[in-house]
4 protein chains.
Amino acid sequence: MPQAQRGKVEEAGMTGRWRSAVPSREEQHALKRRAVVKEAGRAFGRFGFHNTSLDDVARALHISKPTFYRYFENKQALLFECHTLALDLGEESVAFAQRNGATGLDKVLLMIRHYVAVYARELGAVGIVTDFHSLAPEHRRIVQKRRDRFDRILRGFVSEGIADGSIPPCDPRMVVSCFMGAINWVPVWFSSAGPRSGEELAEAFARIFATGLQSATADAGKALSMKLSPSPVTS
Amino acid sequence: MPQAQRGKVEEAGMTGRWRSAVPSREEQHALKRRAVVKEAGRAFGRFGFHNTSLDDVARALHISKPTFYRYFENKQALLFECHTLALDLGEESVAFAQRNGATGLDKVLLMIRHYVAVYARELGAVGIVTDFHSLAPEHRRIVQKRRDRFDRILRGFVSEGIADGSIPPCDPRMVVSCFMGAINWVPVWFSSAGPRSGEELAEAFARIFATGLQSATADAGKALSMKLSPSPVTS
Amino acid sequence: MPQAQRGKVEEAGMTGRWRSAVPSREEQHALKRRAVVKEAGRAFGRFGFHNTSLDDVARALHISKPTFYRYFENKQALLFECHTLALDLGEESVAFAQRNGATGLDKVLLMIRHYVAVYARELGAVGIVTDFHSLAPEHRRIVQKRRDRFDRILRGFVSEGIADGSIPPCDPRMVVSCFMGAINWVPVWFSSAGPRSGEELAEAFARIFATGLQSATADAGKALSMKLSPSPVTS
Amino acid sequence: MPQAQRGKVEEAGMTGRWRSAVPSREEQHALKRRAVVKEAGRAFGRFGFHNTSLDDVARALHISKPTFYRYFENKQALLFECHTLALDLGEESVAFAQRNGATGLDKVLLMIRHYVAVYARELGAVGIVTDFHSLAPEHRRIVQKRRDRFDRILRGFVSEGIADGSIPPCDPRMVVSCFMGAINWVPVWFSSAGPRSGEELAEAFARIFATGLQSATADAGKALSMKLSPSPVTS
DNA sequence: TATGAATGAGGTTTCATTCAT
DNA sequence: AATGAATGAAACCTCATTCAT
């Protein structure tokens with residue numbers, strides 16, 4: 001995987017050279033930088049920020065550790081970049097939903113579908129949403145702010161849905177936390193190399209949060225009200 | 001990573017989780033041991049295993065760091081205990097669902113409700129599901145095995161639901177990963193000190209995964225098929 | 001410091017105060033104390049001072065660690081006691097040699113034989129001669145002084161032997177270091193449970209340092225001068 | 001001494017070879033590695049493994065503690081290396097003796113002389129023979145095996161000597177333990193900075209174990225049998 | 001008296017980060 | 001530009017030693 005990554009980078013650099021006599025330094029730099037982000041992000045998402053040493057990342061990219069510092073001020077800067085990327089994707093998804101959704105429910109579902117799809121595509125880079133607390137304080141503040149805004153908008157979608165009748169009365173915070181949890185958990189288990197594509201995943205998630213798991217034909221409401229009655233925490 | 005946020009567990013410990021009632025000798029040992037697990041688990045879940053030093057935990061419990069080693073062989077053993085606890089709760093929930101659920105859907109929903117409720121109750125102690133990769137290899141193997149079994153059963157519930165008609169055709173793996181992700185994410189954001197109780201949370205989650213977000217009156221199916229059509233990954 | 005010292009003082013005081021009828025308590029104390037010295041000394045000699053924790057010693061004696069401190073001020077006091085014991089035996093051997101030896105050679109050999117025998121008998125307690133550097137500084141100074149005196153006397157024996165013709169000219173320091181090394185090494189390998197008794201060992205050592213390894217019949221002197229000629233360090 | 005050590009290393013590295021002005025990377029690494037072994041070995045031999053902290057060694061070498069880990073996996077690995085070195089020298093000495101000795105006695109004496117000389121030359125590096133029990137279990141097993149083989153060969157030399165008449169009947173195990181003890185004890189007291197060279201030491205030891213301490217003219221055998229008669233352990 | 005519990009001091013080890021080539 | 005070497009900071013852990021029962 002790292003090998004492939006590296007291959008791509010070099011190839012891209014070559015092509016640049018052949019086409020225009022001088023490959024711009026900055027382009028090369030940007031390409032390598034991106035390669036580092038992707039590889040590190042993938043590792044962070046998979047094993048966790050602290051379980052991934054720079055040595056690991058460097059080894060995977062076939063570069064040396066000091067080289068790393070040509071591209072990032074420090075390890076935490078890299079983590080910040082990953083978070084930033086994830087938030088970019090989230091905001092993009094939100095914007096997409098706002099553009100294309102009519103009702104509140106529409107927006108929520110479009111957002112979920114879009115985000116999951118893009119999430120699955122970029123994957124590793126965003127898997128680290130988990131490691132929020134490893135961010136440097138100043139970075140953390142920035143990310144926190146964007147996250148808050150993000151959540152506020154999502155809860156707004158839900159509220160909107162309740163208002164326009166597309167979503168039944170509920171606590172928006174819980175609803176949002178529920179589906180965002182499901183989404184954030186994706187990198188823990190999903191692999192694009194698996195039997196399902198990211199698109200399928202997005203579709204499935206959207207459907208689940210749209211209609212739930214119950215069969216349309218079954219009189220699920222009744223079954224539920226009956227079966228869930230025994231207090232579940234009687235252990 | 002000095003700047004990274006440290007577990008601010010002290011606050012929670014102030015209430016005196018350490019110094020409590022004084023029962024017998026062995027019971028006391030067990031009680032203290034459990035207190036360590038809960039406090040550490042809470043911190044691990046909130047800040048991450050590596051962002052929580054034993055010093056933090058010790059300070060929160062008003063004990064010294066070495067004292068810690070009277071109760072656990074090492075830090076990873078504690079993490080393992082947390083995982084074990086989480087898995088115990090999960091299996092208990094599964095058993096509960098198997099006892100009380102009629103259809104596949106029933107079992108899934110009962111399991112979700114039970115698990116979320118118990119999860120929220122014990123909270124911190126199970127938050128560490130995230131830090132699977134910080135486990136010692138031999139512990140990891142054990143946890144992996146139990147997890148696999150757990151997932152298999154859950155997927156079995158879904159398959160059963162498809163077979164008995166209570167759940168429409170779908171990929172069980174995706175469905176299970178979806179709601180387990182939502183559940184595992186809970187400790188990241190939920191606080192029992194917040195406006196909602198664990199019971200309410202459990203209820204809300206069960207409902208979401210039962211009927212989805214759409215209003216019963218709305219012709220959601222149609223809206224969905226129309227609105228979700230544009231390729232969402234056009235970034 | 002000198003638990004021994006302290007003990008003596010108290011004992012003297014006791015005797016003065018209560019005149020007679022010493023309760024068996026003190027005897028018990030002395031017995032247990034000796035048991036601790038023997039067990040710890042054995043372990044120290046076998047595994048080394050630092051590879052033997054007080055937990056180990058306590059476990060071996062079926063007592064608890066704090067109990068240990070009823071008998072010794074600290075771990076190093078115990079080590080000091082062992083050294084003291086070893087030196088006592090050494091000085092006793094020296095005195096024996098001085099009393100019974102006629103020539104310098106006699107004294108050396110008698111000393112070796114006596115010391116080895118007694119050494120093998122007490123064994124563990126003296127095995128720690130090795131761990132001189134683990135002594136507390138103030139103890140180390142005391143031991144050093146006695147050791148110096150001890151060595152000086154032994155070298156005196158050798159010098160005496162050279163003077164009286166019983167030992168051929170040589171460097172006394174080397175000779176003494178040679179046989180003392182052999183003796184000090186005994187506890188590393190010798191076990192009184194083995195096929196040889198301490199007496200046999202003492203006899204064998206005395207013989208080796210008396211006549212060497214060469215057969216009396218062989219013209220070893222010549223063989224040696226010939227065979228040893230090639231520079232041995234040509235590696 | 002550390003200063004001197006370091007000086008040597010740098011000198012060797014700086015001045016380099018005639019052939020290639022600068023010693024290759026690997027050579028430098030090897031040189032420094034060896035410097036660490038020598039210094040650590042010296043310290044271990046003098047003060048004991050546990051009385052020598054890595055801080056001490058680092059300070060002596062004018063490096064920082066973590067630097068150490070570029071050359072050795074951990075402290076025990078260094079100890080193992082010391083043992084390995086000592087065994088290498090021992091086996092080399094054995095081989096030398098086998099090549100150059102005619103009788104069993106020859107072999108024993110050549111071995112002693114060679115080993116002591118080389119031992120004194122490399123000194124510190126082998127002083128740790130004492131700290132066998134501080135080895136990691138897997139290392140200990142390896143060392144034990146080599147030691148057994150080594151001892152077996154030495155006892156073979158003695159047996160051979162008895163068979164060919166160059167050594168009088170005796171217990172080979174005791175004899176070997178005797179002179180190996182004397183040798184292993186050397187680093188405890190010998191300093192190459194002292195008045196005697198390693199060669200002189202080797203010569204002296206060989207002579208002692210060849211002909212013993214008795215003067216050639218004296219009728220030592222008789223003196224011994226008479227003088228040693230009183231039971232030496234009558235304390 | 002004797003012991004389970006607790007801790008301070010100190011050592012080994014890791015790792016992000018800088019230095020020097 | 002890129003890398004092998006070096007290090008400061010901080011974490012985990014051990015153990016002799018004391019506290020409190």
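Below, read A as the first sequence line, B as the second, and so on, with proteins coming before strands; counting in each chain starts at 1. On a predicted model such as this, the values are computed, not experimentally measured, just so you know.
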Euclidean distance, atom [atom1] of residue [X] to atom [atom2] of [N] [Å, nearest integer]:
{"X": "A/H62", "N": "F/dG4", "atom1": "NE2", "atom2": "P", "result": "14 Å"}
{"X": "D/E27", "N": "F/dA5", "atom1": "CD", "atom2": "P", "result": "13 Å"}
{"X": "D/R70", "N": "F/dA5", "atom1": "CZ", "atom2": "P", "result": "5 Å"}
{"X": "D/F72", "N": "E/dT12", "atom1": "CZ", "atom2": "P", "result": "15 Å"}
{"X": "B/N51", "N": "F/dA11", "atom1": "CG", "atom2": "C1'", "result": "13 Å"}
{"X": "B/L61", "N": "E/dA6", "atom1": "CG", "atom2": "C1'", "result": "14 Å"}
{"X": "D/L78", "N": "E/dT13", "atom1": "CG", "atom2": "C1'", "result": "15 Å"}

Is the shortest side-chain N/O distance from [X] to OP1 or OP2 of [N] below 4.0 Å?
{"X": "B/T67", "N": "E/dT7", "answer": "yes"}
{"X": "D/Y71", "N": "F/dA6", "answer": "yes"}
{"X": "C/K32", "N": "E/dA2", "answer": "yes"}

Between protein and nucleotides 15-21 of chain F, map the contacts as a letter string: B base, S sugar-phosphate only, - none, heavy atoms under 4.0 Å, written 5' to 3'. BBBB--S

Could you check if a side-chain atom of [X] sits within less than 4.5 angstrom of a side-chain atom of [Y], using non-hydrogen atoms only?
{"X": "C/L78", "Y": "C/F68", "result": "yes"}
{"X": "C/F72", "Y": "C/V36", "result": "yes"}
{"X": "D/N51", "Y": "C/F132", "result": "no"}
{"X": "A/K75", "Y": "A/F49", "result": "yes"}

Scan every strand shown for a Watson-Crick or G-U wobble partner of [N], both distances under 3.5 Å, and answer none if you come up empty.
{"N": "E/dT7", "answer": "F/dA16"}
{"N": "E/dT12", "answer": "F/dA11"}
{"N": "F/dT21", "answer": "E/dA2"}

Sort out for me which residue in B/R33, B/K38, B/R34 forms a salt bridge (charged side-chain N to carboxylate O under 4.0 Å, His left out) with B/E81.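 Answer to the salt bridge (charged side-chain N to carboxylate O under 4.0 Å, His left out) test with B/E81 among B/R33, B/K38, B/R34: B/R33.
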
Nucleotide of E/dA5, E/dT7, F/dG4 approaching B/I63 most closely (side-chain heavy atoms):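 Among the listed nucleotides, the one closest to the side chain of B/I63 is E/dT7.
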
Do you know which two heavy atoms are closest between B/H139 and B/A77, and how far apart they sit?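 What the structure gives for the nearest pair is CE1-CA, 4.0 Å.
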
Does B/R46 offer a backbone N or O that forms a donor-acceptor pair with the side chain of A/H133 under 3.5 Å?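 Checked: pair present.
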
